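The structure under discussion appears below in the form of structure tokens.
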Amino acid sequence: MNAELQLEVKMEQPRIKIQDLPGVGAATAEKLESAGFHEPLSIAVATISELCEAAGVSESVARKMINAARDSMKMGFESGIEVMQRRLNVSKLSTGSDSFNTLMGGGFETGAITECFGEFGSGKTQIGHILAITTLKSDPEATVVYIDTENTFRPERIKQLAIGADFDPEEALQRILVARAYNSDHQMLLAEKVESLITEQGRKVKLVVIDSLTSHFRAEFIGRGTLSERQQKLNRHMHQLSKIAGSFNVCVYVTNQVMAKPDQFFGDPTTSIGGHIVGHASTFRIYLRKGKKGTRVAKLIDAPNLADGEVCFEVLEGGLRDAN
Ligand code: GTP
Ligand code: MG
């Protein structure tokens, strides 16, 4: 079983839409959409009264919708063997630094979300560029998607890193699909598009970079009054990303800024944006900071099967290397 085979299996599963459920016409689908029910899963876990209220349908129609949504998806258990089979399909994308790879259990995993947070200049964007190159180099069929919110994607840097990795710079640029996200809604729309790149265009998307995950959310929801709205929206975005990572064996790499934590007197007085919403949805979280003499320090936090630890690396013209 390789990753490609798994992708095929997943894609053959029927993908039903909300409109395919009984009793859901165009108008009802629109009402459901605007109430936040974007996919059958959200219907499957909804209550009858929630649906009645959101779509203005009768109780019996709501019940039929829920049952049909539940039937349409495999919501059962799987054996540990099946889970292990799936784990065998996981690829590890190299950072170029051996110690960083070791910290991550071999590299950045496909099928998972990895978040890097840290102050400006700590290397978050560089890691995104480097992962793009190693992904393309390790798999001749792979496509990389780069969702850029701060206009920091640099084709020149991709070329440099490609040369550093002994890979054709033109081919690298050709196989990276870059989209500039103008606001958080646009960012979420682009994330949705990733799925159709895979299912409709048959692209083998192996890495999705979102740099930065939170900048638009942070800018658009200023002030405490709108914080919970922001968190809800961010939660939906993280849910989208988990689905892409899990369903299609994609490595989702997201960057995140830190903000000052004024009530913290001991330890590091910073915290990441989006707090527990982003933290819980990410499989791996890495805290990046600047070390001595231009080095960078990566600290692994909350990883499911890896020991927490810290490594030191350098960003060089040709890529990441261990710092000695
Ligand atoms: P923000 O997006 O501002 O929050 O920062 P970031 O964490 O994304 O930082 P980024 O990845 O942009 O790191 C920038 C740093 O990478 C620079 O300060 C340099 O130290 C290093 N860097 C970038 N390009 C090169 C290069 O071509 N050669 C070398 N040696 N270092 C580079
Ligand atoms: Mg950056």
Side-chain angles (χ1 to χ4, degrees), residues 93-97 99-101 103-104 108 113-135 144-167 169 172-173 176 178-184 187 190 207-220 234 251-261 268-275 278 282 284-301 310-324:
L93 306 173
S94 171
T95 62
S97 151
S99 53
F100 199 168
N101 290 344
L103 179 76
M104 299 298 295
F108 280 44
I113 301 178
T114 301
E115 174 200 359
C116 272
F117 63 98
E119 62 167 327
F120 69 93
S122 58
K124 305 179 294 291
T125 298
Q126 294 302 310
I127 291 174
H129 283 61
I130 286 156
L131 287 175
I133 297 297
T134 53
T135 303
V144 168
V145 171
Y146 205 108
I147 299 177
D148 184 5
T149 72
E150 297 180 308
N151 205 12
T152 50
F153 176 80
R154 289 287 172 274
E156 306 81 9
R157 187 68 182 124
I158 290 292
K159 280 189 167 181
Q160 269 182 346
L161 293 168
I163 292 165
D166 209 9
F167 188 71
L173 290 173
I176 302 178
V178 186
R180 179 84 199 276
Y182 293 98
N183 55 40
S184 62
Q187 183 175 332
L190 289 168
L207 170 71
V208 173
V209 176
I210 306 193
D211 185 19
S212 122
L213 175 74
T214 47
S215 57
H216 285 315
F217 288 87
R218 183 188 202 182
E220 289 163 27
L234 199 50
C251 170
V252 176
Y253 170 64
V254 302
T255 69
N256 199 355
Q257 285 103 339
V258 289
M259 57 185 178
K261 201 161 46 176
D268 200 320
T270 55
T271 180
S272 60
I273 311 289
V278 177
S282 305
F284 301 95
R285 308 190 73 200
I286 299 159
Y287 176 40
L288 288 178
R289 63 174 204 273
K290 294 174 188 165
K292 286 181 186 136
K293 295 183 188 160
T295 61
R296 299 289 183 273
V297 181
K299 181 178 177 154
L300 182 65
I301 301 164
E310 235 182 45
V311 294
C312 205
F313 65 88
E314 283 178 290
V315 182
L316 304 177
E317 185 172 319
L320 289 196
R321 301 289 178 266
D322 290 351
N324 39 30

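Side-chain atoms are counted along with the backbone in the values below, which use heavy atoms only and exclude waters and symmetry mates. Each ligand, and each atom within it, is numbered from 1 in the order the structure gives. Nothing here was measured: the structure is a model prediction, and the numbers come from that model.
Side chain of R157 to main chain of E317: a donor-acceptor pair is present (N/O by atom type, distance under 3.5 Å, no hydrogens or angles).
Here E115 pairs with R285 in a salt bridge; the nearest charged N to carboxylate O distance falls below 4.0 Å.
Classification of the H129-F153 ring pair by plane angle, with boundaries at 30° and 60°, yields parallel. Ring geometry for F100 against F108 counts as perpendicular: the plane angle is over 60°, on a 0 to 90° scale with 30° as the lower cut.
Residue N151 qualifies as enclosed at atom CG: its count of foreign heavy atoms under 6.0 Å is above 12. For K290, the NZ atom sits in a packed shell: over 12 heavy atoms of surrounding residues, nucleotides or ligands are nearer than 6.0 Å.
Taking backbone and side chain together, T125 holds an N, O or S atom under 2.8 Å from the Mg ion (ligand 2).
Ligand 1 lies under 4.0 Å from heavy atoms of E119, F120, G121, S122, G123, K124, T125, Q126, R157, Q160, R296, V315, L316, E317.
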